[in-house]
Amino acid sequence: MAHGHAVKRYSGLMDWLTTVDHKKIGILYLLAGGFFFLVGGLEALLIRIQLWKPLNDFVAAHTFNELLTMHGTTMIFLAAMPMIFALMNAIVPLQIGARDVAFPFVNAIGFWTFFAGGVLLNVSWFAGGAPDAGWTAYAPLSTPTYSTTHGLDYYVIGLQIAGIGTLVGGINFLVTIINMRAPGMSFMRMPMFTWTSFITSALILFAFPALAVGLAAMMFDRLFSGNFFEPTNGGNAVLWEHIFWIFGHPEVYILILPAFGVISEVISTFSRKRLFGYSSMVFATVLIGFLGFMVWAHHMFTTGLGPVANALFSIATMLIAVPTGIKIFNWLFTMWGGSIRFTTANLFAIGFVPTFVMGGVTGVMLAAAPADFQYHDSYFVVAHFHYVIVGGLILGVFAGLFYWWPKMFGRMLDETLGKFCFWTFYIGFHLTFFVQHFLGLMGMPRRVWTYLDGLGFNNLNLISTIGAILMGIGTIAFLLNVVITALKPKNASNDPWEDGRTLEWTISSPAPEYNFLQTPLVRGYDAFWKEKMEGKKAMVPAEPIGPIHMPSPSILPFVMSVGLFIAGLGFMYAKGDYGTGIWASILNNHILAIFGLAITLGCMFLRSVYDDHGFHIEPDELHGDKGVKA
Amino acid sequence: MANQHSAAEEKKHHKHEGPKKHIIAFIFSILLTVIAFAMVAAGEINTTFIYFMLVLMAILQVFVQMGFWMHMKDRGHVFPIVGILSGVVIVFTIVIMAEYWAWW
Amino acid sequence: MSGHTHVDGHLPHEPEKATLEGRNKVLGFWLFLGGETVLFGTLFSAFLALRHQVGDGNPTPMELFDLKIVALATFILLTSSLTSVFAIQSMHTNKVKPMIWWLIITVLFGLAFLGLEIYEFYHYVHEGHKFSTSAFSTSFYTLVGFHGAHVFFGVLWISILIAQIFKKGLNVVTAPKVYVAGMYWHFIDVVWVFIFTVVYLMGKVG
């Protein structure tokens with residue numbers, strides 16, 4: 001039934017600040033994640049330039065530590081995570097035939113708190129120095145005894161705030177996928193990308209609270225003289241490593257699983273074949289998610305856990321190769337006998353397969369505890385995790401962006417420039433990181449500012465730096481592609497690849513704000529393809545055309561994140577000496593921190609007290625839409 | 001999900017829900033708590049045995065409270081159970097870490 | 001699909017699950033509690049790892065803890081869990097007044113618990129058991145304090161809900177909120193069961 005509520009519609013900047021539309025939030029995630037990807041990439045280039053020759057002094061040693069810490073932290077938390085969330089927001093509700101996500105307001109909170117945390121973390125560059133203890137922030141290097149600047153404060157508080165955003169985003173997607181699926185869309189008919197997003201959200205739900213505790217403990221140590229990780233007062237530095245990796249290992253699966261999903265979709269679409277072994281794919285995804293929580297100590301073989309723990313974690317880690325191997329073979333068998341189209345998206349997807357296999361093989365090598373004592377903290381490890389994260393996740397994200405760009409923006413990315421982007425990025429990637437395996441085996445330790453001449457590292461490091469520049473060129477080609485595409489007319493059809501198999505290709509590009517004029521009836525896996533095979537052009541609707549309920553836009557999520565940002569700064573600077581002025585009384589008494597928290601809690605209060613009735617889009621407003629007669 | 005059951009059955013199912021069941025659960029909780037406190041207050045018992053019993057009492061109490069008060073034993077709670085249980089499994093590994101792998 | 005259609009005054013039997021929004025809220029909150037399980041589990045683990053790190057000359061758990069206060073706090077919180085169950089039962093039978101009363105009683109019990117905890121902490125600090133005294137004290141205050149903060153937030157939350165029900169009455173929008181707050185309160189109670197077991201009773205045993 002219709003309500004007479006006045007519809008508040010904003011435009012311009014206000015529209016983006018207040019939006020609760022998952023498609024727009026997806027674009028916001030992409031913008032923010034893309035920005036931080038460029039920042040992290042720039043840091044990577046500076047690292048590579050410093051290392052291109054022995055005894056270089058391009059950046060100071062201390063700056064190098066900040067660069068490598070911020071590169072890792074930015075890329076994992078502020079670039080990879082949000083780009084995953086960008087694709088999830090843009091596509092998952094469309095793939096399950098939902099009008100909206102379960103919690104559009106919470107979804108907006110998720111984005112804005114992530115963004116506030118990310119900005120806060122990067123403010124550190126201009127506030128006396130960025131964090132410099134590595135992205136893992138191992139104690140005691142990160143405890144107040146050895147880290148006296150505010151850098152690590154920015155790390156613990158910035159990540160804490162960003163983590164809140166990720167956590168609520170994960171819950172939103174879990175509930176969306178469980179409760180909002182269209183009629184007929186059973187779990188075993190869900191597209192692979194939705195499945196992997198589902199498992200990733202579950203991993204987020206269970207991994208991020210552990211990080212929250214670890215960061216809170218580190219924050220208490222740093223700001224309130226706690227003793228969690230302070231050995232002089234009975235604390236335990238290894239405890240931080242444990243807590244960090246209990247979060248940190250699932251985190252890498254949080255990153256890679258959605259990429260697996262993208263690859264499954266892209267390969268299946270451009271091979272014009274049903275995904276081989278769909279149910280084994282689902283099983284493998286769930287198994288990887290479960291095992292991901294049981295292997296964290298393989299990052300800590302050399303801390304001295306003892307042979308029993310090392311053996312257990314060694315075996316558990318190697319076990320993960322089994323479901324991953326199932327996936328690899330499934331992709332190969334999907335391509336087998338298919339009529340493959342080498343679009344840019346598919347190039348990235350096909351390029352992903354051998355690259356990820358290499359990363360997986362070095363992973364199994366590292367999982368062998370005795371061998372790991374040799375590889376540990378060498379460039380071999382650096383090569384391994386870049387093979388799985390860049391060669392896995394980033395190639396997957398690129399594939400997904402090329403594939404779904406028309407669905408997100410209504411325009412196709414340029415294919416020629418796209419292929420140039422692929423080849424430069426791909427060749428650059430292998431140049432950069434392949435040689436690092438050998439640098440590691442030759443004994444070059446990771447995280448070193450520079451190295452001596454005559455150790456045999458020179459040529460390989462030079463090659464690595466050239467590769468990094470090539471990757472930079474590939475990224476620029478992508479940016480150029482985005483700009484050129486944005487200038488073209490918005491003319492992508494509903495199903496621009498013509499071989500779309502899933503529900504997102506049944507609606508216009510970009511999707512209307514209510515996604516589906518009529519909720520579709522799903523009759524099998526690859527729902528759209530099934531209809532196509534029966535000669536139909538569209539889905540059978542599950543309901544007649546009627547008014548569509550929409551949530552109201554709100555500025556509260558943005559204000560809440562600003563509140564957290566202010567509170568973060570307030571906590572950080574509470575423990576300084578500011579004389580006796582007004583700032584001293586404000587900061588030393590935590591007044592700024594309390595003010596910030598009050599803003600956030602006040603927003604929660606307003607949200608609770610004022611009901612959001614939303615508004616309805618009436619059928620007569622839905623003109624111009626190619627609706628199907630019910 | 002499991003919506004095949006008729007509305008009549010739904011009604012019947014809820015008719016049983018009176019305060020009695022919850023008061024019994026409460027008495028159970030109090031009993032388990034008293035046993036735990038009494039064992040510690042009594043002292044002079046084998047420490048390992050006390051630890052074992054304390055944990056057992058706590059787990060029993062969780063079953064009582066989550067089952068009855070949070071309705072986890074009722075139908076339609078598949079995802080809540082999966083969610084909480086997954087958390088519990090992960091917590092189990094973290095506790096093992098704290099007990100065995102934090103110091104040596 | 002959209003909620004708010006029950007304008008005729010008749011509430012469905014389980015109003016918290018009558019709308020998709022309500023069902024989403026309840027399920028989302030369950031999953032959130034799954035995450036909270038890991039949060040408290042990690043805090044417990046940190047405490048377990050550090051609980052013997054008392055340091056020289058600092059009060060040990062055996063000297064510090066007073067089981068009488070803990071028992072009283074436990075009784076208060078357990079009872080408040082029962083009263084919150086009664087509130088939800090009143091909601092299911094659409095009796096708004098008793099529901100509000102049970103919620104008010106729950107909040108009062110929560111406040112009593114917080115008062116006891118503050119008294120307890122104050123007492124400990126005077127005995128030389130400060131936040132920064134040792135790894136044991138830091139992990140103790142963090143774990144028990146996180147729980148106390150949850151109780152405090154719950155008290156605030158349920159108070160706001162009481163005021164809302166007073167103004168708006170019970171409907172398919174407010175019912176899920178009350179239901180979810182009830183779940184939160186039980187969860188806090190369950191966490192306390194482990195706190196008194198692991199922190200206090202095991203601390204007394206040694």
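Because the structure is predicted, anything quoted here is derived from the model rather than measured. Numbered from 1 within each chain, the chains take letters A, B, ... in sequence-line order.
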Portion of [X] that has a non-hydrogen atom of chain B nearer than 4.5 angstrom:
X: Val38(C); answer: both
X: Leu27(C); answer: side chain
X: Tyr179(C); answer: side chain
X: Phe47(C); answer: neither
X: Phe44(C); answer: neither

Select one option (side chain, backbone, both, neither) describing which atoms of [X] are under 4.5 Å from chain C's heavy atoms.
X: Trp69(B); result: both
X: Ala36(B); result: both
X: Ile50(B); result: side chain
X: Val88(B); result: both

Is the closest side-chain donor-acceptor distance between [X] and [Y] under 3.5 Å?
X: Thr83(C); Y: Thr106(C); answer: yes
X: His129(C); Y: Ser137(C); answer: no
X: Gln65(B); Y: Ser81(C); answer: no
X: His150(C); Y: Glu36(C); answer: yes

Taking the side chain as everything from C-beta on, heavy atoms only, tell me whether Glu63(C) gets closer than 4.5 Å to Thr60(C).
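Yes, their side chains come closer than 4.5 Å.
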
Minimum side-chain heavy-atom gap Val151(C)-Trp185(C) below 4.5 Å:
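Contact flag for Val151(C)/Trp185(C) side chains = yes.
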
Taking [options] one by one, which has the highest count of heavy-atom pairs under 4.5 Å against chain B?
options: Thr197(C), Val190(C), Leu78(C); value: Leu78(C)
options: Ala46(C), Gly41(C), Ala49(C), Gly34(C); value: Ala49(C)
options: Val193(C), Thr37(C), Val26(C), Leu82(C); value: Leu82(C)
options: Leu33(C), Thr79(C), Thr42(C); value: Thr79(C)

Ring centers of Trp157(C), Tyr184(C) separated by less than 6.0 Å
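Ring-ring flag for Trp157(C)/Tyr184(C): true, centres closer than 6.0 Å.
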
Among Met57(B), His77(B), Met39(B), Met66(B), single out the residue with the greatest number of heavy-atom pairs under 4.5 Å to chain C.
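Top count of heavy-atom pairs under 4.5 Å with chain C: His77(B).
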
Just jot down the side chain to side chain contact (heavy atoms under 4.5 Å, CB included) partners of Leu48(C), sequence neighbours excluded, or say none.
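Residues passing side chain to side chain contact (heavy atoms under 4.5 Å, CB included) with Leu48(C): Val95(B), Ala98(B), Glu99(B), Arg51(C), Val198(C).
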
By side-chain hydrogen bond (donor to acceptor under 3.5 Å, both in side chains), which residues pair with His123(C), not counting sequence neighbours?
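So His123(C) forms a side-chain hydrogen bond (donor to acceptor under 3.5 Å, both in side chains) with Glu127(C).
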
